[in-house]
Amino acid sequence: MKLTVWTYEGPPHVGAMRVATGMKDLHFVLHAPQGDTYADLLFTMIERRGHRPPVTYTTFQARDLGSDTADLFKATCQDAYDRFKPQALIVAASCTAELIQDDPGGLAQSMGLPVPVIPLELPSYQRKEAFGTSETFLQLVRHLAGPVERTPEVTCNILGPTGLGFRHRDDVAEIEKLLLGMGIGINVIGPMGSSPADIARLGAAHFNVMLYPESAEPACRHLERAFGQPYTKCVPLGVGATRDFIKEVAELADMSQPSLESPDLRLPWWSRSVDSTYLTGKRVFVFGDATHAMAAARVARDEMGFEVVGMGCYNREFARPMRALAKDYGLEALITDDYLEVERAIEALQPEMILGTQMERHIGKRLGIPCAVISAPVHVQDFPARYSPQMGWEGANVLFDTWIHPLVMGLEEHLLHMFREDFEFHDAAGPSHHGGHTPASEIKVDVPEMTVTEDGLSWAVDAEKELRKIPFFVRGKARRNTEKFASEKGLSTISIDTLYEAKAHYAR
Amino acid sequence: MNTHRPIELSKGCGSAPVLKERGQREVFCGLTGIIWLHRKMQDAFFLVVGSRTCAHLLQSAAGVMIFAEPRFGTAILEETDLAGMVDAHEELDREVARLLERRPDIRQLFLVGSCPSEVIKLDLGRAAERLTQVHAPRVRVLNYSGSGIETTFTQGEDACLASMVPVLPQTETEQLVLVGALPDVVEDQLVGLLKAMGIGPVKCLPARTVEDDLGIGPNTVFALTQPFLGDTAAALEGRGATRLSAPFPFGEQGTTDWLRAIADAHGVSAAKFDEVTEAPRARARKAIAAAKEVLDGKSVFFFPDSQLEVPLARFLVNECGMTAVEIGTPYLHKGLVGPDLAQIAEGPTISEGQDVDLQLDRCRAARPDLTVCGLGLANPLEAEGLSTKWAIELVFTPVHGYEQAGDLAGLFSRPLRRREALAL
């Protein structure tokens with residue numbers, strides 16, 4: 001038993017959902033109680049998808065236990081097939097269903113459905129979300145991909161993107177553009193965007209691009225064994241890594257002298273230009289999934305001129321390469337999925353900046369350290385409307401912009417040192433390009449005897465107290481509306497009633 | 001206008017047939033209630049004994065809305081706990097001791113059962129008794145189940161409050177207790193109105209901290225502020241308290257009916273009642289009128305979510321001029337929502353339980369002007385051109401009472417106004 005406040009990864013069936021939700025014409029039947037349907041909101045709210053995930057839950061209840069949960073599962077499978085008519089079905093049990101041992105895989109396969117039925121073993125009490133993702137993709141590939149003829153021209157598959165992936169949509173577009181620019185064709189991109197029929201023809205590509213090892217490494221290994229397809233090991237995050245990636249691809253595609261430059265790449269000049277001098281030696285702490293964290297450490301040191309003072313990852317599966325890299329930086333890697341342990345490490349190191357996940361953003365907020373997000377798990381605001389890849393040339397530009405955004409800018413930093421007592425440049429003010437905190441004038445909780453406005457209106461003490469119960473981000477509007485209302489009514493004192501009269505008056 | 005006639009429960013939708021469905025349910029489990037309960041009870045910590053899924057649910061449901069250090073956590077069961085390789089109770093004791101050491105501000109600890117802990121029959125009642133003995137008097141340890149195989153969404157709050165009733169001290173004092181976790185500002189307003197009528201003492205369950213001297217006894221009368229508190233009501237009645245039945249305090253009419261049921265039980269004169277409620281009633285009507293301009297004549301379809309559906313449908317139909325197509329609720333407790341149900345004119349389909357794909361078919365066929373549904377369905381329906389109000393906001397926003405009546409109406413009118421406002 002382990003106490004967890006926030007978790008970096010969900011359970012493995014959520015990983016399976018990420019694969020299914022990214023794909024087309026695949027359906028997932030999950031043996032699970034009703035509460036597990038919360039997972040839909042990850043996709044419809046956090047990722048803002050306009051479609052429900054292709055998942056049908058059995059939603060068994062306490063009264064079903066011990067009697068007919070197996071029949072319920074089969075009926076659910078049949079209904080889901082009849083309604084959605086997928087090309088293939090994946091079936092699994094969530095944590096609770098695992099305990100009642102109905103064997104969804106065996107049940108579904110005994111039903112004689114006219115499409116491939118792929119059972120998934122997702123041990124909920126041992127493994128986590130990333131395992132669910134990579135295992136599901138592996139099983140899809142094992143069951144569906146058969147021997148097919150290679151394309152006459154040089155093509156590759158781009159493997160790894162899933163639903164709810166951190167910037168997967170834009171990374172895929174950027175890397176596809178880069179590969180096409182090198183004259184390499186794209187056979188299949190998956191799992192995101194592919195159908196079971198597409199998975200069946202993976203073998204036609206000459207090699208695989210492993211974009212996200214966390215979700216695609218087992219599948220890439222299988223394809224290498226089964227069809228002799230080599231795969232890329234370098235993940236193109238940052239300028240140096242993108243160059244290494246291009247060299248690796250060129251070798252696999254048997255090309256010589258690929259171009260390692262692009263007119264679209266701006267990070268090197270932005271980083272060399274004098275305004276960036278203030279970034280030099282900034283102490284950063286890096287944490288996330290191993291792939292993003294390892295890449296971020298390289299960008300931080302070699303391309304931004306930061307000093308990396310700590311690094312680590314939450315996915316134990318990648319602990320070995322993470323430890324090896326940390327050693328190169330003279331550090332010991334922090335391998336943990338315990339958010340409190342990460343918080344302790346950050347508190348002890350007192351970095352000037354954190355490159356982390358949504359969790360580290362919480363930590364940074366608590367400790368007053370700026371944080372930029374480099375890895376899943378992420379929040380709704382990390383699914384931007386704009387094109388915002390992390391990989392390739394444009395990805396490098398995006399990294400530069402994203403990482404400096406939380407920081408106090410160069411000249412402002414000097415002003416803070418010079419004018420510490422200035423009312424606008426005090427310690428609590430934060431970077432001046434960020435608003436949205438309690439106005440400094442209202443931080444003090446003491447309510448004065450009676451406030452009098454410029455127009456001679458006074459706020460009764462209890463009304464002022466009532467106003468303070470309104471959240472700070474709408475308080476200003478409430479104050480203004482109430483004062484306007486009071487003036488129009490010719491009142492001299494604002495009471496609680498006035499406050500609510502005004503609220504009703506302006507209600508919409 | 002103030003002659004109070006008892007509501008005939010067989011009227012309106014009171015005797016309408018109920019469509020009962022038992023297919024896939026697209027609802028939260030009872031653990032979700034922790035997200036607002038831990039904010040309400042400032043000295044309480046909620047420790048879920050469950051799986052990684054439980055932890056992920058809490059942070060995902062909360063993560064959409066909250067950035068703050070939470071007073072909840074999950075003791076995640078691992079392979080060794082299930083295989084009996086370790087004693088799960090010893091493990092739990094160790095984690096609780098660690099937690100209480102780190103958080104000395106915690107005075108009440110709730111052990112919350114989950115689907116996995118229920119299935120493996122981990123006896124949290126026994127654990128709570130044992131831990132109370134260990135950590136008394138500083139910490140009181142209680143337990144309830146928020147599992148999805150037994151509870152739906154707001155039923156978690158019901159189970160939590162019901163678990164508190166047996167440990168409340170006995171009192172013979174004549175008193176009124178308002179039951180349900182309301183935002184402090186709303187609680188203050190309702191208590192203020194009742195006190196102005198001369199009613200008192202007025203207490204609240206849950207109290208904000210364990211220090212509040214709330215007792216229960218045969219001279220306690222109580223009014224529910226939320227329609228999903230059936231078990232809590234039964235537990236209070238088991239302690240000899242008397243429940244006042246009324247429509248729930250949503251909107252001007254709901255709040256008035258609710259206050260009047262309490263006022264009548266306390267012998268408050270009609271004149272006094274009017275004197276106290278007149279100004280806020282007028283304000284509430286005025287505030288609702290603004291939203292009614294948008295809502296009047298529009299149709300609404302409720303997917304089952306929080307059990308607030310029946311009282312809210314009454315509000316939207318009777319006070320905002322809407323037409324209800326279907327009022328879906330996870331569980332129809334006629335003993336509690338009967339008065340609201342009876343005030344809704346016959347017509348809408350009343351459905352209990354869910355078969356989500358069939359219900360989506362009905363919703364698409366009806367093409368209501370507004371669909372009230374959960375977070376998993378809202379954006380997909382919007383993408384199909386239907387306006388939606390995601391229901392979880394209704395349990396996270398101050399919506400009860402007179403001063404919030406306009407805000408409540410505004411929650412429903414905003415999606416429609418937004419659709420009008422956008423030129424896309």
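All chains are named by letter (A, B, ...) in the order of the sequence lines, taking the proteins before the strands, and each is independently numbered beginning at 1.
- A/Lys503 contributes a side-chain N or O that, together with a main-chain N or O of B/Glu403, makes up a donor-acceptor pair within less than 3.5 Å.
- Rounding to the nearest 0.5 Å places CG of A/Asp79 at 7.5 Å from CG of B/Asp355.
- Crowding of A/Glu488 atom CD: a count of heavy atoms from other residues, nucleotides or ligands under 6.0 Å exceeding 12.
- In this structure, the portion of B/Val119 lying under 4.5 Å from any heavy atom of chain A is its side chain and not its backbone.
- In this structure, chain A has a heavy atom under 4.5 Å from the side chain of B/Leu82, while its backbone stays farther away.
- Applying side-chain contact (heavy atoms from CB on, under 4.5 Å) to A/Arg52 and the options B/Leu377, B/Leu381, B/Asn379 leaves one that passes, B/Leu377.
- With a 4.5 angstrom heavy-atom cutoff, B/Gln189 touches chain A only via side-chain atoms.
- The side-chain contact (heavy atoms from CB on, under 4.5 Å) test with A/Pro33 is passed by exactly one of B/Cys29, B/Ser114, B/Cys115: B/Cys115.
- Of the residues considered (A/Asp64, A/Ile100, A/Thr58, A/Thr56), A/Thr56 shows the highest number of contacts with chain B, using heavy-atom pairs under 4.5 Å.
- Using a distance-only test at 3.5 Å, with no hydrogens or angles considered, a donor-acceptor pair links the side chain of B/Gln59 to the main chain of A/Thr7.
- Here the side chains of B/Asp81 and A/Tyr125 are not in contact, with every heavy-atom distance at 4.5 Å or above.
- Distance CD/A/Glu129 to CZ/B/Arg52: 9.5 Å, rounded to 0.5 Å.
- Within the 4.5 angstrom heavy-atom criterion, only backbone atoms of B/Thr151 (N, CA, C, O) approach chain A.
- At a threshold of 4.5 Å between non-hydrogen side-chain atoms, the residues A/Asp36 and B/His56 do not count as touching.
- Looking at B/Asp361, only its side chain comes within 4.5 Å of chain A, counting heavy atoms on both sides.
- Atom CZ of B/Arg22 is separated from atom CG of A/Leu72 by 9.0 Å, given to the nearest 0.5 angstrom.
- Here the side chains of B/Pro116 and A/Leu99 are in contact, with some heavy-atom distance below 4.5 Å.
- Within residues 409-418 of chain B, the residues having any heavy atom less than 4.5 Å from a heavy atom of chain A are, in residue-number order, B/Gly410, B/Ser413, B/Arg417.
- The most heavy-atom pairs under 4.5 Å with chain B, out of A/Ala32, A/Ala39, A/Ala507, A/Gly10, come from A/Gly10.
- Heavy atoms closer than 4.5 Å to chain A are found in both the backbone and the side chain of B/Ala88.
- Neither the backbone nor the side chain of B/Glu382 comes within less than 4.5 Å of any heavy atom in chain A.
- Atom CD of A/Gln126 sits in a crowded spot, with more than 12 heavy atoms from other residues, nucleotides or ligands closer than 6.0 Å.
- Chosen from A/Glu9, A/Arg63, A/His13, A/Arg48, the residue pairing most often with chain B at heavy-atom distances under 4.5 Å is A/Arg63.
- Here the shortest heavy-atom pairing between B/Gly23 and A/Thr59 reads O-OG1, 3.5 Å.
- Under a cut-off of 6.0 angstrom, the local environment of NZ in A/Lys489 is sparse, with at most 12 non-hydrogen atoms contributed by other residues, nucleotides or ligands.
- No donor-acceptor distance shorter than 3.5 angstrom exists from the side chain of A/Thr44 to the backbone of B/Ala378, with no hydrogens or angles considered.
- For B/Ile288, no part sits under 4.5 Å from any heavy atom of chain A, backbone or side chain.
- Contact of B/Val356 with chain A is made through the side chain alone, with heavy-atom distances under 4.5 Å.
- Proximity to chain A is absent for every atom of B/Arg98, based on heavy atoms less than 4.5 angstrom apart.
- Atom CD of A/Glu341 sits in a crowded spot, with more than 12 heavy atoms from other residues, nucleotides or ligands closer than 6.0 Å.
- If you take CG on B/Leu122 and CE on A/Met1, they are separated by 6.0 Å, rounding to the nearest 0.5 Å.
- Formation of a donor-acceptor pair under 3.5 Å by the A/Gln34 side chain with backbone atoms of B/Arg25 is not found in this model.
- With rounding to the nearest 0.5 Å, the separation of CD in B/Glu118 from CG in A/Leu65 is 10.0 Å.
- For the residue pair A/Thr76 and B/Gln24, no side-chain donor N or O sits within less than 3.5 Å of a side-chain acceptor on the partner.
- For a residue to count as touching a neighbouring chain, one of its non-hydrogen atoms must lie under 4.5 Å from one of that chain's; by this rule B/Asp357 touches chain A with backbone and side chain alike.
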